[in-house]
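Reviewing the structure listed below.
Here the structure is a predicted model, which is why all the values come from computation and not from measurement. Chain A is the first sequence line, chain B the second, and so forth, proteins listed ahead of strands; every chain is numbered from 1.
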Number of protein chains: 2
Amino acid sequence: MPVTIRDVAKVSGVHVSTVSRAFSAAHLVNPDTRARVLAAAEELGYRPNRAARALSTSRTGNLGLIVADIANPFFPPLLKAAQAQARARDYHVFIADTDEQARVEEELIRSMAKQVDGAVLVAPRLTNRVIAELAQEIPLVVINRRLRGVSGVLMDVGAGTRRAMEHLIGLGHREIVVLGGPARAWTSGEIERATEHRAEDHGVRIHRVGPNPPTEEGGRAVVEQVVATGATAVLAHNDLVAFGLVRRAAELGLGVPGDLSVIGVDNSHVARYSSPALTTVDMPVAEAGRGAVDLLLRSVDAAGSTGTVTLETSLVVRDSTAPPRITGA
Amino acid sequence: MPVTIRDVAKVSGVHVSTVSRAFSAAHLVNPDTRARVLAAAEELGYRPNRAARALSTSRTGNLGLIVADIANPFFPPLLKAAQAQARARDYHVFIADTDEQARVEEELIRSMAKQVDGAVLVAPRLTNRVIAELAQEIPLVVINRRLRGVSGVLMDVGAGTRRAMEHLIGLGHREIVVLGGPARAWTSGEIERATEHRAEDHGVRIHRVGPNPPTEEGGRAVVEQVVATGATAVLAHNDLVAFGLVRRAAELGLGVPGDLSVIGVDNSHVARYSSPALTTVDMPVAEAGRGAVDLLLRSVDAAGSTGTVTLETSLVVRDSTAPPRITGA
DNA sequence: GACCTTCATGCAAACGTTTGTATACGGGTT
DNA sequence: AACCCGTATACAAACGTTTGCATGAAGGTC
């Protein structure tokens with residue numbers, strides 16, 4: 001029923017190999033013949049079968065996009081940009097949601113491996129060892145994870161975090177909670193490192209809370225702990241957590257930024273829509289999505305080539321930060 | 001380099017066809033042989049090549065998910081649910097973003113057709129004719145579109161809209177703006193129809209504004225028009241539009257719900273995060289995503305079978321609606 | 001005019017599966 | 001002892017492409 005290269009060959013009176021070349025190696029076929037073939041193909045509505053092509057070229061024209069949680073507002077703009085970039089390069093995109101589970105992540109990559117030319121891992125939860133292992137079998141680009149021998153796109157959350165701390169310190173805060181994310185996340189480490197440096201310089205005390213799930217619920221759950229430290233400001237692991245924190249604080253009668261300043265990370269939808277609008281570290285997610293696809297396609301073409309791209313972040317000051325309330329110190 | 005069925009056959013000392021059957025037709029092979037084969041496969045790390053399988057079975061084990069705008073907060077929970085359901089059925093998912101363009105949508109479906117067993121169109125922008133045409137070539141399920149001969153999942157936005165109108169009328173509003181969405185969207189029609197009925201019953205006047213893009217910008221752009229009607233309440237096309245409206249109104253010195261009541265549609269993230277939290281018509285998107293995949297797989301198995309599922313919606317009352325300000329009437 | 005190139009095309013094998021058909025074996029009838 | 005049957009396996013063709021090699025024609029060089 002479906003029209004194949006053979007039908008086109010018959011109609012245009014040439015051999016199938018000529019049809020094939022008319023599509024994928026134009027310079028090898030006489031322009032007139034090619035025109036005839038293309039006309040026949042058009043007439044019949046012929047579309048090359050990518051699976052068959054994959055079988056003989058071992059190039060699928062597909063990419064995998066593996067992500068911890070599609071519904072987390074951090075990801076959709078990244079997915080959108082990555083998908084658009086892939087399409088511009090005539091690649092199709094598989095998407096997979098791991099539900100934040102490392103096991104699922106690995107299995108997904110493995111089951112996808114034969115069907116894609118490479119995969120982008122967005123904020124993977126796997127151990128470095130496993131990722132490195134997988135990278136042997138299939139071209140991989142990781143977003144927000146630094147890994148020897150594996151291509152990566154990094155958003156410099158460390159720099160953003162430092163700016164966030166300066167902002168808080170500038171406002172007069174001296175007791176600041178830094179809220180950890182998932183233990184395995186690269187960003188968690190970056191934020192921790194970035195906040196270490198600053199602590200020494202000024203008379204600032206850092207209280208660390210976490211690790212903690214990167215969700216609204218995760219934010220709600222730690223409010224009491226945060227308050228117990230006596231801190232006047234919190235740097236949350238991401239916007240969702242920040243939002244959970246703000247909401248729960250309000251329920252407990254604490255105002256933001258009046259009683260507590262809160263900074264998020266991501267500059268997602270949430271930060272703009274929430275009230276008060278969140279001060280947050282902007283992550284260039286669309287750019288990261290595009291960059292990851294470019295990097296991936298490059299290492300698909302030139303097997304073994306890897307690279308790392310680092311993207312700038314910046315602090316977006318909105319309404320969730322203010323000077324601390326003066327208390328009798 | 002990659003390990004194939006042939007390698008497994010060699011190691012386990014049987015013919016490739018036996019290996020194949022050991023995987024896909026267990027009852028046709030002796031349990032002991034099968035155990036041997038499976039052991040060999042495990043040892044070699046064999047994974048069946050889905051593309052090759054597709055070639056001989058003409059079943060790909062893939063699904064397409066085609067969506068107008070991944071970054072629109074309405075979609076991600078739907079995508080997530082659909083993807084999870086597909087995975088549970090051992091299907092992989094292609095995702096494609098059409099950027100709200102009908103042309104792109106059609107091309108995307110066509111280029112995907114050979115690689116998937118079927119596709120889910122989420123809120124398609126195509127004409128009925130084209131969709132029906134495509135449905136001849138490949139199993140299709142449309143979400144939020146009613147179409148003879150094509151499976152669909154409908155969220156009963158009409159019922160939700162009626163409840164929204166009752167809510168506004170109950171609060172005392174008598175001049176209400178109904179804001180249209182994209183001309184082609186099924187939901188636009190449903191909302192229009194649902195609001196017609198109500199208008200006659202009570203002494204209520206409906207002002208129609210639109211069609212209008214379903215984005216925040218779309219909301220911002222129409223505030224002046226809305227105000228000009230003298231209405232005290234607006235039913236927006238979706239939460240994003242409602243949010244844009246609220247923000248822009250604030251910039252013009254109009255308070256919500258004080259000066260204007262606003263109702264959204266979708267019950268997306270946005271509605272919860274925004275301030276004031278939006279009263280909105282809840283759409284059961286996760287359920288729709290799951291339902292669409294189930295429906296699709298059913299019509300993949302039983303070619304030609306179609307069905308329609310209608311899901312309930314409900315009104316979620318939050319803080320963006322209140323009685324109208326008393327004016328000297 | 002014999003020879004070498006270059007260009008265009010045909011031929012056939014290969015990619016990794018599945019599956020209809022054939023074969024071999026052992027056990028049960030009669 | 002001849003037969004049939006069921007079970008387990010092997011064989012080979014087919015799915016729709018691509019691609020190295022062979023073939024042939026046309027044109028250029030000496």
Test side-chain contact (heavy atoms from CB on, under 4.5 Å) on B:Asn62 and B:Arg50; report intermediate values, then the result.
CA-CA 10 Å; B:Asn62 297 147; B:Arg50 285 183 158 217; 4.0 Å; yes
Kindly indicate, with the supporting measurements, whether the criterion side-chain contact (heavy atoms from CB on, under 4.5 Å) is fulfilled by A:Leu108 and B:Arg87.
CA-CA 9 Å; A:Leu108 236 22; B:Arg87 202 168 83 76; 3.5 Å; yes
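A:Ser17 comes within contact range of at least one nucleobase, with a heavy-atom separation under 4.0 Å. Residue-level contact check: A:Ser20 touches the bases, meaning some heavy atom is under 4.0 Å from a base atom.
Along DNA chain D, the nucleotide nearest to A:Thr4 and the one nearest to B:Gly13 differ in position, and the one closer to the 5' end is contacted by B:Gly13.
Screening residues 131-150 of chain A for salt bridge (Lys or Arg N to Asp or Glu O under 4.0 Å) gives A:Arg110-A:Glu133, A:Arg110-A:Glu137, A:Arg129-A:Glu133 as the qualifying pairs, with residues at least two apart or on separate chains. A salt bridge (Lys or Arg N to Asp or Glu O under 4.0 Å) check over residues 58-69 of chain A, counting only residues at least two apart or in different chains, returns the pairs A:Arg59-A:Asp301, A:Asp69-B:Lys80. Among residues at least two apart or in separate chains, there is no salt bridge (Lys or Arg N to Asp or Glu O under 4.0 Å) pair with a member in residues 4-20 of chain A.
Recorded end-axis angle for the helix from C:dG1-D:dC30 to C:dT30-D:dA1 stands at 50°, based on five pairs per end and rounded to 10 degrees.
Exactly one residue among A:Glu105, A:Gln101, A:Glu106, A:Glu100 makes a side-chain hydrogen bond (donor to acceptor under 3.5 Å, both in side chains) with A:Arg125. That residue is A:Glu100. Under the side chain to side chain contact (heavy atoms under 4.5 Å, CB included) test applied with B:Val122, the options B:Thr98, B:Val67, B:Asn144 reduce to a single match, B:Val67. For the side chain to side chain contact (heavy atoms under 4.5 Å, CB included) test with A:Arg89, the passing option among A:Leu296, A:Asp294, A:Leu63 is A:Asp294; the others fail. Test B:Thr4, B:Leu38, B:Ile5 against B:Val19 for side chain to side chain contact (heavy atoms under 4.5 Å, CB included) and you get one pass: B:Ile5.
The minimum heavy-atom distance linking B:Val120 with B:Ala292 is given by the pair CG1-CB, 3.9 Å.
Between A:Glu107 and B:Arg47, at least one side-chain N (NZ, or NE/NH1/NH2) sits under 4.0 Å from a carboxylate O, which counts as a salt bridge.
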Could you run down the sub-3.5 Å N/O contacts of the protein with nucleotides 4-7 of chain D?
none

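Extent of DNA chain C lying under 4.0 Å from chain B heavy atoms, first and last nucleotide in 5' to 3' order, is C:dG16 to C:dG20.
With sequence neighbours left out, A:Pro213 forms a side chain to side chain contact (heavy atoms under 4.5 Å, CB included) with A:Thr215. Remark: B:Arg53 pairs with B:Pro48, B:Thr57 by the side chain to side chain contact (heavy atoms under 4.5 Å, CB included) rule, at least two apart or across chains. For A:Tyr91, there are no ring pair (Phe, Tyr, Trp, His ring centres under 6.0 Å) partners at least two apart in sequence or on another chain.
Applying a 4.0 Å cut-off to non-hydrogen atoms, the residues of residues 54-64 of chain B that approach DNA chain D are B:Leu55, B:Ser56, listed by residue number. Against DNA chain C, the stretch residues 29-52 of chain B makes heavy-atom approaches under 4.0 Å through B:Tyr46, B:Arg47, B:Pro48, B:Asn49, B:Ala52.
Rounding to whole angstrom units, NE2 of residue B:His15 and C1' of D:dA8 are separated by 14 Å.
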Validation: residues 22-30 of chain B side-chain donor-acceptor distances under 3.5 Å, sequence neighbours left out:
residue	atom	partner	partner atom	Å
B:Ser24	OG	B:Ser20	O	2.9
B:Asn30	OD1	B:Asp32	N	2.7

